[in-house]
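Since this is a predicted model, take the numbers as computed values, not measurements. Every chain is numbered from 1, with letters handed out A, B, ... down the list of sequences.
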4 protein chains.
Amino acid sequence: MDLGSFTTHTDLALDARDMAHAANQGQPIPGIQQESSRENGVRVTKINVLNEEGSKALGKLLGHYITIEVPALREKDSQLQDRVATKLAQEFEQFLREIGIPKNAKALIIGLGNANVTPDALGPLVVENVMVTRHYFELVPEDVSPGYRAVSAVAPGVLGTTGIESSDIVQGIVDMSKPDFIIAIDALASRSLDRVNTTIQIADTGIHPGSGIGNKRKGLTKENLGIPVIAIGVPTVVYASTIVNNAFDLMHKHFSEQTSNTGQILGLLDNIHEDERLQLVKEVLNPVGHDLLVTPKEIDQFIEDIANIIASGLNAALHDAVSVENVAAYTH
Amino acid sequence: MDLGSFTTHTDLALDARDMAHAANQGQPIPGIQQESSRENGVRVTKINVLNEEGSKALGKLLGHYITIEVPALREKDSQLQDRVATKLAQEFEQFLREIGIPKNAKALIIGLGNANVTPDALGPLVVENVMVTRHYFELVPEDVSPGYRAVSAVAPGVLGTTGIESSDIVQGIVDMSKPDFIIAIDALASRSLDRVNTTIQIADTGIHPGSGIGNKRKGLTKENLGIPVIAIGVPTVVYASTIVNNAFDLMHKHFSEQTSNTGQILGLLDNIHEDERLQLVKEVLNPVGHDLLVTPKEIDQFIEDIANIIASGLNAALHDAVSVENVAAYTH
Amino acid sequence: MDLGSFTTHTDLALDARDMAHAANQGQPIPGIQQESSRENGVRVTKINVLNEEGSKALGKLLGHYITIEVPALREKDSQLQDRVATKLAQEFEQFLREIGIPKNAKALIIGLGNANVTPDALGPLVVENVMVTRHYFELVPEDVSPGYRAVSAVAPGVLGTTGIESSDIVQGIVDMSKPDFIIAIDALASRSLDRVNTTIQIADTGIHPGSGIGNKRKGLTKENLGIPVIAIGVPTVVYASTIVNNAFDLMHKHFSEQTSNTGQILGLLDNIHEDERLQLVKEVLNPVGHDLLVTPKEIDQFIEDIANIIASGLNAALHDAVSVENVAAYTH
Amino acid sequence: MDLGSFTTHTDLALDARDMAHAANQGQPIPGIQQESSRENGVRVTKINVLNEEGSKALGKLLGHYITIEVPALREKDSQLQDRVATKLAQEFEQFLREIGIPKNAKALIIGLGNANVTPDALGPLVVENVMVTRHYFELVPEDVSPGYRAVSAVAPGVLGTTGIESSDIVQGIVDMSKPDFIIAIDALASRSLDRVNTTIQIADTGIHPGSGIGNKRKGLTKENLGIPVIAIGVPTVVYASTIVNNAFDLMHKHFSEQTSNTGQILGLLDNIHEDERLQLVKEVLNPVGHDLLVTPKEIDQFIEDIANIIASGLNAALHDAVSVENVAAYTH
């Protein structure tokens with residue numbers, strides 16, 4: 001029984017799009033809208049899953065997805081970090097507008113994950129660093145300057161340390177504090193090592209737990225909570241088996257470029273479909289203790305940096321009075 | 001507007017009893033039952049406030065109070081700490097029996113306070129270290145061995161960092177997770193420096209916030225939450241003005257023992273009632289930055305030690321299968 | 001046997017000056033040069049002890065002292081913190097010039113204190129946050145841009161956790177790494193609660209341990225180490241007895257302003273000299289556990305803020321290429 | 001330029017022995033003595049490299065090696081941890097005897113690595129948790145009970161945060177504090193994921209840095225420091241390329257057992273020697289950000305557990321008065 005986090009191992013929309021594209025031999029995928037831009041080492045891709053057809057093609061829920069990719073984010077460059085926070089703020093503000101969240105809508109930020117497990121601590125760290133204002137609106141509304149909205153923030157812990165489903169805790173808090181929408185921050189298991197701590201995904205689809213323990217685990221979704229749930233996810237861990245499976249592809253590609261004999265590049269592995277191959281890799285690695293979830297060794301610094309970026313970005317996006325220029329001042 | 005913790009500055013029942021005793025010139029106080037024992041440097045005092053008369057005399061609510069005093073607790077003696085955990089476990093188990101909490105009643109442990117402010121982090125640290133079991137009862141009830149009860153544990157944060165009253169968060173969690181009773185851990189402001197990190201109080205009266213911001217702050221009480229609330233409190237901070245006021249008493253006593261001239265020991269201070277004098281001290285110290293809440297410099301170690309003691313004690317008290325001997329094994 | 005830090009309990013030059021001034025009935029003190037300026041809530045006082053006469057009058061060693069006082073530093077104002085870092089950078093750069101440390105002199109920053117005791121962690125935290133560059137000069141000198149000097153930084157730990165005198169560890173490091181001067185950061189015991197975490201003192205007199213354990217404890221001084229030692233000290237703790245003793249003064253002053261009867265303001269306390277009174281307070285408080293070293297409850301945040309200020313200030317002061325404007329970028 | 005730790009990537013003697021064995025087709029290796037025992041899930045292997053022939057065969061220096069393997073160590077079982085600490089204590093005590101370190105020889109424990117990078121924090125954490133006694137021998141020798149030896153402990157930091165080679169700092173400390181031998185604790189890069197946080201190696205060969213930056217990096221060795229240096233190493237990280245390379249072996253083995261066609265199991269990979277294959281994997285993964293050093297996601301807990309085991313084991317091994325039974329009492 002897995003009681004930890006990281007059970008949701010959803011693919012990023014971006015990766016799903018790439019796979020669908022490949023399957024579709026590069027043709028546009030019906031039901032999918034997308035645009036992409038790149039500036040100063042930061043690539044932003046927006047994917048809208050418009051209908052069932054698109055949803056089926058991508059294996060993703062209907063909704064809006066934004067991915068911010070910054071390969072250099074692991075290089076501890078504080079100016080780049082400021083640029084990413086600024087970009088995130090702009091994109092998030094526009095995202096709220098597009099999905100119809102008004103400027104005065106009250107936000108509840110939920111930091112999912114376990115504060116004591118570094119690669120799972122992203123959510124709690126963001127909660128620690130965002131500006132909360134709801135209590136001023138409740139207790140001294142007359143003192144609140146214009147340009148702010150009511151923001152609250154809670155890190156509900158994980159099932160293994162609280163004994164209560166995060167979704168139940170969030171539901172209880174929503175019932176009592178009546179926010180208008182939720183922003184849920186979560187660390188994700190990645191599809192590849194190069195995504196870890198370099199990619200931020202925003203989506204208005206909520207958080208859906210994996211198929212873990214039967215039907216008992218509830219998601220953080222509009223259906224369950226009655227209000228929109230925006231998910232912000234960052235891949236922070238990856239299975240060893242995923243690393244290996246990716247490597248097979250890279251090796252195959254490498255050899256293909258060097259040989260004309262395409263028949264026997266990786267031997268028996270060439271005859272297996274990718275999903276099946278991953279399953280096989282898991283079966284081979286797992287019993288001998290070789291299939292752990294792993295994270296880069298510099299994870300302490302990475303998590304702190306990305307949590308600051310997200311907190312700064314949210315502060316600027318959520319309050320008109322917090323401009324993108326002073327965005328860093330509100331976190332530590 | 002004070003948004004932090006430590007607003008509840010309630011006197012310990014023990015201190016209230018001493019003051020009432022003094023006021024009553026050493027006579028028994030009607031409506032109050034008490035007993036005291038001392039063993040191996042650990043003193044346990046039980047005070048029951050039986051009726052309105054007793055409540056008025058002590059200025060404390062009707063209910064059961066246990067105080068565990070261990071002056072040597074600040075000396076980093078791990079064997080003493082084990083003895084205190086054992087004593088706490090015994091007393092807490094008996095306390096539950098006496099106030100009618102059955103063996104299979106489901107407990108929700110609430111760790112009040114701010115995990116990032118060391119002297120206020122007691123509650124969150126206890127939550128981090130207690131065994132939680134509720135999820136096993138919910139998800140795999142058939143796998144739960146006899147001798148355990150369902151325990152959950154949450155640190156709801158503080159108003160200043162979540163924007164939501166702790167009591168509202170707790171109420172929401174109670175509604176969703178349906179515990180039978182609550183154990184709320186809180187760091188307290190102390191009436192004297194020697195109590196800081198040496199005294200643990202258990203009471204079945206719940207947690208009552210101070211008279212801070214009007215009526216808006218709700219307590220964690222049976223009235224509000226519908227289930228019994230047991231409070232475990234430890235003084236961890238003290239006002240500078242309290243230290244000074246205590247010192248006046250000690251100095252007065254010191255001089256009194258040395259002089260026959262009782263008329264003019266501390267001059268003008270002698271003519272002022274204690275409450276008035278404290279008020280005066282506050283007025284004199286505060287404007288010049290001299291009246292802060294302070295804590296001993298070794299607070300990091302103290303808080304960790306007491307949190308471990310309380311977590312170990314609760315683990316043994318709440319589960320029959322966790323014996324007092326192996327009580328330390330479940331925390332780190 | 002006290003093996004911890006805080007044994008040096010030296011008065012700040014500023015406080016010594018005030019006391020000498022009072023003793024001298026406001027007349028200038030021979031052998032002492034001083035100047036003071038105030039700007040934007042930051043007061044800078046420079047005191048030079050020129051000769052033996054001045055040294056005797058102040059009870060301070062010959063040398064240069066700068067004190068930066070910022071009463072509002074405890075209010076978590078990040079813009080004020082930037083201003084203080086900038087001011088510190090300017091003053092420190094000028095200080096180096098005045099005492100004859102050239103621009104290319106190699107600095108070794110020593111962070112005294114115990115990283116696991118928050119109010120004693122100032123030195124280790126500064127070391128964690130300063131830019132170190134010495135290894136580039138050693139390993140890839142051709143790659144070092146102009147405008148930098150060689151800076152190294154070590155936190156040697158405390159006697160109680162290493163078993164070795166800090167001064168011996170520093171001596172060994174000096175012998176091996178050959179710096180031209182030392183900057184030693186230390187947390188101090190304060191003479192009054194309002195100084196705690198609001199005052200930074202710079203002095204070129206080195207660090208002198210208290211009269212603790214005979215002659216065995218050596219200081220960090222030019223005499224011992226052969227190179228100049230600049231001390232940066234911040235009061236972070238205060239004895240309860242000091243708080244009480246200060247309060248007596250404040251109460252006396254308060255009553256004096258309200259009464260014409262100057263004879264019997266604080267009774268027997270009025271007849272005692274201040275030093276004797278402090279001794280008496282210690283004797284009365286100590287046996288009952290009332291004379292601890294205490295620190296404000298918000299110490300975690302305070303220490304982090306001041307460590308960042310000092311690290312930022314040193315980075316800008318030590319390297320021409322690090323301008324005062326981008327001073328904050330190099331710390332986290 | 002890599003300035004961090006983990007540059008020493010030495011194979012464990014155990015792994016070297018296995019490879020040499022395989023190369024020698026299972027025949028005994030001349031110049032190598034070995035014995036192995038297993039009890040309660042803990043396997044202990046001792047390998048002595050007796051002469052140049054053995055050294056060459058294994059690619060390891062002459063000396064004594066002990067490896068303690070505990071596959072279940074990652075399962076957070078506190079009773080197993082106590083057993084491992086006890087075993088470590090016994091083996092280490094005997095090891096000291098065998099290599100001729102007398103009972104009253106003064107030990108200096110060096111915790112290599114970076115305290116702020118969790119998988120590299122093993123050394124600093126051990127230093128934090130061991131009993132230090134040297135200062136009692138220096139300052140109050142008459143108060144020291146029999147059964148203790150003088151132990152000191154320092155975490156010298158890493159080049160990237162101090163600007164000084166760890167070996168220089170250690171040399172300086174040795175010169176000043178005159179220990180009789182050194183115990184150096186270090187986190188290692190692993191040869192396979194299943195070794196990470198499950199294996200402890202003790203060796204009397206000192207610590208030899210990798211071939212990083214020319215000849216400038218000095219090791220912690222008897223040659224350099226003039227006293228014996230015992231290294232305790234634990235693999236805590238592994239290169240993604242190593243995981244992949246191991247997986248190729250496991251996959252090959254898996255397929256071999258299922259097929260009779262041994263000619264074309266992994267295609268082109270079958271024709272490459274292992275070293276060459278690893279090189280190739282690195283070349284393929286690295287440019288696309290796929291070859292990071294990674295660590296299991298539960299690294300915070302693992303490192304804390306192993307640091308406690310090593311500290312407890314050393315405490316019991318170094319002091320006769322600390323028996324194996326109370327070994328856990330001295331750490332937290």
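If you measure heavy-atom distances from C/Val196 to chain B, you find no contacts under 4.5 Å at all. Residue contact with chain C, scored on non-hydrogen atoms closer than 4.5 Å, is absent for B/Arg195. Contact annotation for B/Asn246: only side-chain heavy atoms (C-beta onward) come within less than 4.5 Å of a heavy atom of chain C.
Rounded to the nearest 0.5 angstrom, C/Arg74 CZ and B/Leu292 CG are separated by 4.5 Å. Separation of atoms OG1 (C/Thr236) and NZ (B/Lys297) is listed at 8.5 Å; rounding is to 0.5 Å.
Highest contact tally toward chain C, considering only B/Val238, B/Asp291, B/Leu250, is held by B/Leu250 [criterion: heavy-atom pairs under 4.5 Å].
Between the side chain of B/Asp300 and the backbone N or O of C/Thr118, at least one donor-acceptor pair lies under 3.5 Å.
B/Met251 pairs in a side-chain contact (heavy atoms from CB on, under 4.5 Å) with only one of the listed residues (C/Val244, C/Leu285, C/Leu280), which is C/Leu280.
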